[in-house]
There are 2 protein chains.
Amino acid sequence: MPNHAIAKNYIVSTAESKCATCSLREICLPVGLDEDETELLGNLINHKYRIRRGEHLFHAGLAFKSLYAVRNGFFKSCVLDSDGRQQVTGFYMTGELLGLDAISSEKHTCDTVALEDSEVCEVPFIKLEEISRRIPLLMHHFHKIMSREIVQDHAIMMLMGGRKAEERLAAFLLNLSERFAKRGYSSTNFILRMTREEIGSYLGLKLETVSRSLSRLQEEGIITINNKNVRLNDIYRLSHKISGYSD
Amino acid sequence: MPNHAIAKNYIVSTAESKCATCSLREICLPVGLDEDETELLGNLINHKYRIRRGEHLFHAGLAFKSLYAVRNGFFKSCVLDSDGRQQVTGFYMTGELLGLDAISSEKHTCDTVALEDSEVCEVPFIKLEEISRRIPLLMHHFHKIMSREIVQDHAIMMLMGGRKAEERLAAFLLNLSERFAKRGYSSTNFILRMTREEIGSYLGLKLETVSRSLSRLQEEGIITINNKNVRLNDIYRLSHKISGYSD
DNA sequence: CGAGTTATTGAACTGCCTCAAGGTGTGTGG
DNA sequence: CCACACACCTTGAGGCAGTTCAATAACTCG
């Protein structure tokens, strides 16, 4: 089990913790499994854990045993570098998979922290690989998830490489918006679970720059921002920020 | 097959194009396969292709069918954004795997271009997944490769997020150095296959800044650079550039 | 050899960072 | 429920690293 904090908060297996009957199946798992395959899934999840806001799911350096699927809530992962700076490498919401970076070295390379009270499903990696052999669709689905992570990272590199602060923020907000929409939440009205500093770290900016850019977007009427609450008033203009069009 | 240019340059299958007897086996493939498993590998590679300097291996948008293992040579991949800017997302050398980003959407998201005359082994992805089912070690190895790509991308995000130009260059050179060393080439003396602009794009800098930073490192005696030829004179000081130590 | 690409270097500019001060929100303990 | 402490956010002013623009030099390859 990941660490002491979690040990105290694990949730006993119930019918609901079976993937087969999970309400998130369509987000987490491939579609089109037959009955036998669905039956096999029963063994995939070990436990569910409750992680409270501010708690670590795992620390960098910890031996890698399991991936964790976000059942609900919101996480960040970040790497600490030699001189103590924190680089946020990703934000994760319902249905997304945590710990993929750890497969290569068999150690976690990130700290992963809940940004709100959350629940995760523990997926022992050995089991995932085992069951994958029996369910080609599951294997393929897993490959797609890893690939998606790579694509997402490339998008961030792209932002950091050549975009101005305001453009990065626009892209960031739109990305969140889409992901919320996919989960049935409002795409125009949501809460930023992370701090300005965390946003800045993720986008390669300082927190003051994040704050100023958000204020600017608000002055332009494109968004309304009140502390952690954002409303996207004009998605069209917001997305045109990114493409470098002037209107 | 990937595109017209390649069609003309494919190399007929020979004994040498079997993974089982390939000289790169230790770089490409997991160790510890038994005879049966090694036999199964025979079917993994479709063709080898010769790609000349400047030619594309594949273009962004192309339907995804295969991954490509670099047999020898050097590649870059890059994404083009809406207003035509090019972001280099990675450099790839012998034994590394190209096209991982394409799995998620079943379309290539990068252009991938040879920076010197190169050869690649085509690995049809369906076949890879099929054979993986029969060879757990191969599946696991593949997962590690994907994970390594994620870790590498995080390292770049880290550089872009909080490092100064000279530090980024130092990290870049050391990364190349290690990868060359692992392949039996000199770790202190190598050729930069890519242009200053490509380095800059990869690291989130302009080509002039790359040039200036390299010149600075040379003035300090840490490296010697002559056009594309680099010599790392003082790896110790070079690595201390990164950690933010002052000496 | 010559045309085009790539690299170096200089000078001026600018967007982001740094430092600083004050404001707002949140959660905890009395 | 209030008050206090702490964490987070906003805004301003000034500085600087890296960009932009420009001119020249060096290399590459037909």
Side-chain angles (χ1 to χ4, degrees), chain A residues 52-55 76 83 85-88 113-117 159-170 172-173 191-220 223-230 241 244, chain B residues 52-55 74 76 83 85-88 113-117 159-173 191-220 223-230 241 244:
Chain A
R52 271 170 309 199
R53 192 160 95 84
E55 284 180 348
K76 71 165 176 180
D83 46 326
R85 207 176 48 84
Q86 189 182 87
Q87 170 73 39
V88 173
V113 180
L115 298 182
E116 64 178 319
D117 293 354
L159 284 185
M160 287 185 163
R163 294 305 191 172
K164 298 202 185 301
E166 217 171 296
E167 299 171 331
R168 297 187 205 185
L169 261 302
F172 176 70
L173 292 173
I191 296 175
L192 297 172
R193 256 46 243 215
M194 68 297 282
T195 67
R196 304 288 189 264
E197 185 167 19
E198 286 160 345
I199 297 172
S201 169
Y202 185 55
L203 297 175
L205 300 168
K206 291 293 154 187
L207 69 97
E208 296 93 330
T209 306
V210 172
S211 182
R212 274 185 253 272
S213 301
L214 290 174
S215 298
R216 174 99 48 100
L217 287 171
Q218 179 162 237
E219 280 165 29
E220 297 178 47
I223 67 172
T224 305
I225 185 149
N226 190 322
N227 209 28
K228 305 249 184 202
N229 302 287
V230 212
K241 283 276 168 191
Chain B
R52 271 169 309 198
R53 190 160 97 83
E55 284 180 349
F74 204 96
K76 70 164 175 180
D83 47 326
R85 207 176 47 84
Q86 187 181 89
Q87 170 73 39
V88 173
V113 181
L115 298 181
E116 63 178 320
D117 293 354
L159 284 185
M160 287 185 163
R163 294 306 191 173
K164 298 202 182 303
E166 218 171 293
E167 300 172 330
R168 298 186 204 185
L169 261 300
F172 176 70
L173 291 173
I191 295 174
L192 297 172
R193 257 43 246 214
M194 68 296 283
T195 65
R196 303 290 190 263
E197 185 166 21
E198 286 158 346
I199 296 172
S201 170
Y202 185 55
L203 298 175
L205 299 167
K206 291 292 153 187
L207 71 96
E208 295 93 331
T209 307
V210 172
S211 183
R212 273 186 253 272
S213 301
L214 290 174
S215 298
R216 175 98 50 100
L217 289 172
Q218 177 161 239
E219 281 165 29
E220 297 178 47
I223 67 172
T224 305
I225 185 150
N226 190 321
N227 210 29
K228 305 250 185 200
N229 302 286
V230 212
K241 283 276 169 193

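No hydrogens, no waters, no symmetry mates; every other heavy atom, side chains included, goes into these values. Each chain gets a letter, A, B and so on, in the order its sequence line appears, and its residues count up from 1.
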Validation row: Ile199(B), Val88(B) side chains within 4.5 angstrom (heavy atoms):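 No, every pair of side-chain atoms sits at 4.5 Å or beyond.
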Salt bridge flag under 4.0 Å for residues Glu55(B) and Arg52(B):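 Answer for the salt bridge query: yes.
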Find the distance [X]:[atom1] to [N]:[atom2] and express it as a whole number of Å.
X         : N       : atom1 : atom2 : result
Leu214(A) : dC9(D)  : CG    : C1'   : 11 Å
Glu197(B) : dG4(C)  : CD    : P     : 18 Å
Leu192(B) : dT5(C)  : CG    : P     : 21 Å
Lys228(B) : dA26(D) : NZ    : C1'   : 13 Å
Leu159(A) : dC16(C) : CG    : P     : 13 Å
Arg196(B) : dT20(D) : CZ    : P     : 19 Å
Ile199(A) : dC8(D)  : CD1   : P     : 13 Å
Glu219(A) : dT11(D) : CD    : C1'   : 11 Å

Residue pair Gly162(A) / Glu167(A): nearest heavy atoms and the distance that separates them: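 That closest heavy-atom pairing would be O-OE1, 4.4 Å.
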First of Met194(A) and Gly161(A) reached from the 5' end of DNA chain D, by closest nucleotide: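 The residue whose closest nucleotide sits nearer the 5' end is Met194(A).
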Greater than 12 external heavy atoms within 6.0 Å of Glu197(A)'s CD: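 No, because the 6.0 Å sphere around CD of Glu197(A) holds 12 heavy atoms or fewer from other groups.
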Glu208(B) atom CD: more than 12 heavy-atom contacts under 6.0 Å: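 More than 12 heavy atoms, drawn from other residues, nucleotides or ligands, come within 6.0 Å of this atom.
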dA7(D) OP1/OP2 closer than 4.0 Å to side-chain N/O of Thr195(A):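 Indeed not, no polar side-chain atom of Thr195(A) lies that close.
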Sugar-phosphate, base or nothing in reach of Arg216(B), heavy atoms under 4.0 Å: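 Nothing: the residue Arg216(B), judged by heavy atoms under 4.0 Å, touches no strand.
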Neighbours of DNA chain D within residues 203-212 of chain A, by heavy-atom distance under 4.0 Å: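 Here the set is Leu207(A), Glu208(A), Ser211(A), Arg212(A).
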Sole residue of Lys228(A), Arg53(A), Arg193(A) in salt bridge (Lys or Arg N to Asp or Glu O under 4.0 Å) with Glu116(A):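 Passing option: Arg193(A).
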Option from Leu203(A), Leu205(A), Leu169(A) for which side-chain contact (heavy atoms from CB on, under 4.5 Å) with Leu159(A) holds: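 In the set Leu203(A), Leu205(A), Leu169(A), the residue that makes a side-chain contact (heavy atoms from CB on, under 4.5 Å) with Leu159(A) is Leu203(A).
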